[in-house]
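Notes to accompany the following structure.
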Amino acid sequence: MNNLFPIFLKLENLHTLIVGGGYVGLEKITAVLDNAPLARVTLVAPEIRDEIRDIAAANSRINLIARKFEDSDLAEKDLVIVATNDKEENRRIWETARARHMLANVADTPDICDFYLSSVVRKGNLKVAISTNGMSPTFAKRLKEVLGEALPDNLDQAMEQLKAVREMLKGDFASKVDELNRITAVLTGKKKDAP
Ligand SMILES: C[C@@]1(CC(=O)O)C2=NC(=C\c3[nH]c(c(CCC(=O)O)c3CC(=O)O)Cc3[nH]c(c(CC(=O)O)c3CCC(=O)O)/C=C3\N/C(=C\2)[C@@H](CCC(=O)O)[C@]3(C)CC(=O)O)/[C@H]1CCC(=O)O
Ligand SMILES: NC(=O)c1ccc[n+]([C@@H]2O[C@H](COP(=O)([O-])OP(=O)(O)OC[C@H]3O[C@@H](n4cnc5c(N)ncnc54)[C@H](O)[C@@H]3O)[C@@H](O)[C@H]2O)c1
């Protein structure tokens with residue numbers, strides 16, 4: 001049973017801290033910016049990979065701090081992604097973040113994650129986030145590839161048209177919902193769309 005509650009975050013409205021500037025730190029900052037290019041991110045680590053430095057040089061919303069993590073780095077941050085190669089320090093950072101009621105992800109340590117990153121299929125405005133409940137990130141990655149191939153590229157056009165219809169529809173909320181369900185019933189092959 002997967003008990004995770006999925007949400008889509010507006011990271012441009014939040015401030016994310018990444019601790020660690022190695023391979024995993026690079027993977028995480030890349031995942032963040034691929035999805036949320038306007039995200040505000042501070043990354044702290046004594047050693048920071050050149051690829052991360054290049055990303056920061058091209059993006060004024062990314063702030064790099066070249067030293068070890070200090071508890072004060074958590075100040076005014078909303079989320080923290082911990083990715084150092086020091087397991088004990090990772091756990092301590094998570095505990096400190098918890099005490100401050102912040103949400104923390106500790107890369108590759110599911111037991112002490114408040115949230116997981118997901119595998120993401122993107123088609124224009126459509127985004128499908130996949131979770132295997134931590135069972136197999138590799139499965140999530142492969143399913144992303146399968147869904148990416150299977151979903152048609154013109155979905156954005158269909159969504160644009162539905163948005164236009166949605167804005168055009170008159171009447172009360174219930175009748176708009178009925179009409180939108182009627183128009184889109186063809187997508188599921190159902191005659192009548194059950195709520
Ligand atoms: C989806 C994705 C998002 C992202 O990270 O951006 C993601 N991992 C990805 C890839 C990936 N990670 C790993 C491999 C190597 C092969 C393998 O182990 O399968 C590959 C595959 C590859 O790189 O090819 C290693 C690994 N990962 C975790 C552990 C620890 C453990 O399971 O105990 C270990 C073992 C470490 C070790 O052995 O020491 C744990 C987590 N990884 C998660 C997310 C969360 C659960 C997501 C879910 O529910 O599925 C969770 C729980 C926490 C988190 O990190 O947030 C991204 C796919 C990107 C894409 O779509 O392309
Ligand atoms: N690279 C992988 O694919 C992979 C796969 C599975 C698990 N892991 C695990 O993930 C962790 C990180 O891996 P990596 O490959 O990014 O390691 P890495 O050695 O490339 O980078 C570690 C980073 O942590 C930073 N760091 C160390 N102590 C710190 C502190 N006190 N404060 C701030 N930053 C600190 C270092 O400066 C460096 O930037 C390791 O525990 C590793 O075992 C990595």
Side-chain angles (χ1 to χ4, degrees), residues 1-122 124-138 140-141 144:
M1 189 51 177
N2 185 331
N3 289 335
L4 297 163
F5 181 66
I7 57 173
F8 290 86
L9 295 172
K10 296 187 177 178
L11 285 190
E12 60 270 35
N13 295 349
L14 304 173
H15 195 157
T16 302
L17 178 71
I18 300 181
V19 188
Y23 286 101
V24 176
L26 172 63
E27 260 178 36
K28 301 303 169 190
I29 197 171
T30 304
V32 164
L33 293 174
D34 279 354
N35 280 285
L38 301 180
R40 190 155 165 234
V41 180
T42 294
L43 184 146
V44 58
E47 286 150 315
I48 300 177
R49 289 189 65 83
D50 285 347
E51 298 93 320
I52 298 175
R53 292 185 184 281
D54 291 346
I55 291 170
N59 185 337
S60 62
R61 293 179 191 82
I62 312 299
N63 177 30
L64 302 184
I65 305 177
R67 57 154 169 75
K68 282 192 171 185
F69 169 84
E70 292 171 6
D71 289 0
S72 60
D73 293 328
L74 295 173
E76 293 174 12
K77 308 299 185 303
D78 301 289
L79 294 177
V80 54
I81 299 176
V82 187
T84 86
N85 51 2
D86 179 342
K87 287 249 173 227
E88 269 176 37
E89 179 65 353
N90 283 353
R91 177 171 279 277
R92 200 193 64 76
I93 296 169
W94 171 70
E95 281 165 0
T96 312
R98 268 299 57 216
R100 293 181 182 226
H101 301 275
M102 292 171 64
L103 296 181
N105 172 283
V106 184
D108 300 339
T109 317
D111 289 353
I112 54 169
C113 283
D114 301 314
F115 65 93
Y116 295 159
L117 280 78
S118 58
S119 207
V120 182
V121 187
R122 282 177 290 163
N125 282 288
L126 186 75
K127 202 170 251 189
V128 182
I130 302 167
S131 157
T132 68
N133 207 13
M135 303 264 293
S136 172
T138 300
K141 183 181 76 174
K144 169 190 78 178

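Keep in mind that this is a model prediction, so the values were computed, not measured. Sequential numbering from 1 along the given sequence is applied to the chain's residues.
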- Query: Stepwise, does the side chain to side chain contact (heavy atoms under 4.5 Å, CB included) test hold for F115 with L4?
  - Reply: CA-CA 8 Å; F115 65 93; L4 297 163; over 6 Å; no

- Query: Backbone N or O of V82 within a donor-acceptor pair of the N90 side chain at under 3.5 Å?
  - Reply: no

- Message: Could you report the tightest heavy-atom contact between A31 and L117, atom names first, then the distance?
- Response: CB-CD2, 4.0 Å

- Query: Should V80 and V19 count as side-chain neighbours, where that means a heavy-atom distance under 4.5 Å?
  - Reply: yes

- Query: Around R40, counting heavy atoms of other residues, nucleotides and ligands shown, do more than 12 lie under 6.0 Å from its CZ?
  - Reply: no

- Message: Between T109 and K87, is there a side-chain heavy-atom distance shorter than 4.5 Å?
- Response: yes

- Query: Between the side chain of K127 and the main-chain N/O of N35, is any donor-acceptor distance below 3.5 Å?
  - Reply: yes

- Item | N105 side chain to I81 backbone, donor-acceptor under 3.5 Å | no

- Message: I need the R67 CZ to I48 CD1 distance, nearest 0.5 Å.
- Response: 10.0 Å

- Minimum heavy-atom distance S119-A140, with the two atoms named: OG-O, 3.3 Å

- Message: Do T30 and I55 make a side-chain contact, defined as non-hydrogen atoms from C-beta onward lying under 4.5 Å apart?
- Response: yes

- Over all heavy atoms of both residues, which pair between W94 and A104 is shortest? Give the atoms and the distance, please. CD1-CB, 3.6 Å

- Least distance between heavy atoms, N59 atom then P37 atom: ND2-O, 3.8 Å

- Message: Please report the interatomic distance CG(L17) to OG1(T42), rounded to the nearest 0.5 Å.
- Response: 6.5 Å

- Task: Give, for atom CG of D108 and atom CD of E27, the distance between the pair rounded to the nearest 0.5 Å.
- Result: 8.0 Å

- Query: So how far is it from I93 CD1 to D73 CG, rounded to the nearest 0.5 Å?
  - Reply: 8.5 Å

- Query: Does D78 reach the main-chain N or O of L14 with its side chain, forming a donor-acceptor pair under 3.5 Å?
  - Reply: no

- Query: Can D86 and R91 be counted as an ion pair, charged N to O under 4.0 angstrom?
  - Reply: no

- Item | Salt bridge flag under 4.0 Å for residues R92 and E89 | yes

- Query: Got a second to check how far I29's CD1 is from L43's CG, nearest 0.5 Å?
  - Reply: 5.5 Å

- Message: Tell me whether K68 at atom NZ has more than 12 heavy atoms from other residues, nucleotides or ligands lying less than 6.0 Å away.
- Response: no

- Note on the structure: Between I52 and G25, the two heavy atoms sitting closest are CD1-C, 4.1 Å

- Item | Spacing of CD1 belonging to I18 relative to CG belonging to L64, to within rounding of 0.5 Å | 10.0 Å

- Task: Give the intermediate values and the outcome of salt bridge (charged side-chain N to carboxylate O under 4.0 Å, His left out) for residues R98 and D114.
- Result: CA-CA 9 Å; R98 268 299 57 216; D114 301 314; 3.4 Å; yes

- Task: Salt-bridge test for E12 and K10: reply yes if a basic N is under 4.0 Å from a carboxylate O, no otherwise.
- Result: no

- Message: Please find the pair of heavy atoms, one from T132 and one from N2, that lie closest to each other, and give the distance.
- Response: C-ND2, 4.3 Å

- Item | Donor-acceptor pair, side chain of K77 and main chain of A75, under 3.5 angstrom | yes

- Query: Looking only at atom types and distance, does a side-chain atom of S118 sit under 3.5 Å from a main-chain N or O of V120, one as donor and one as acceptor?
  - Reply: no

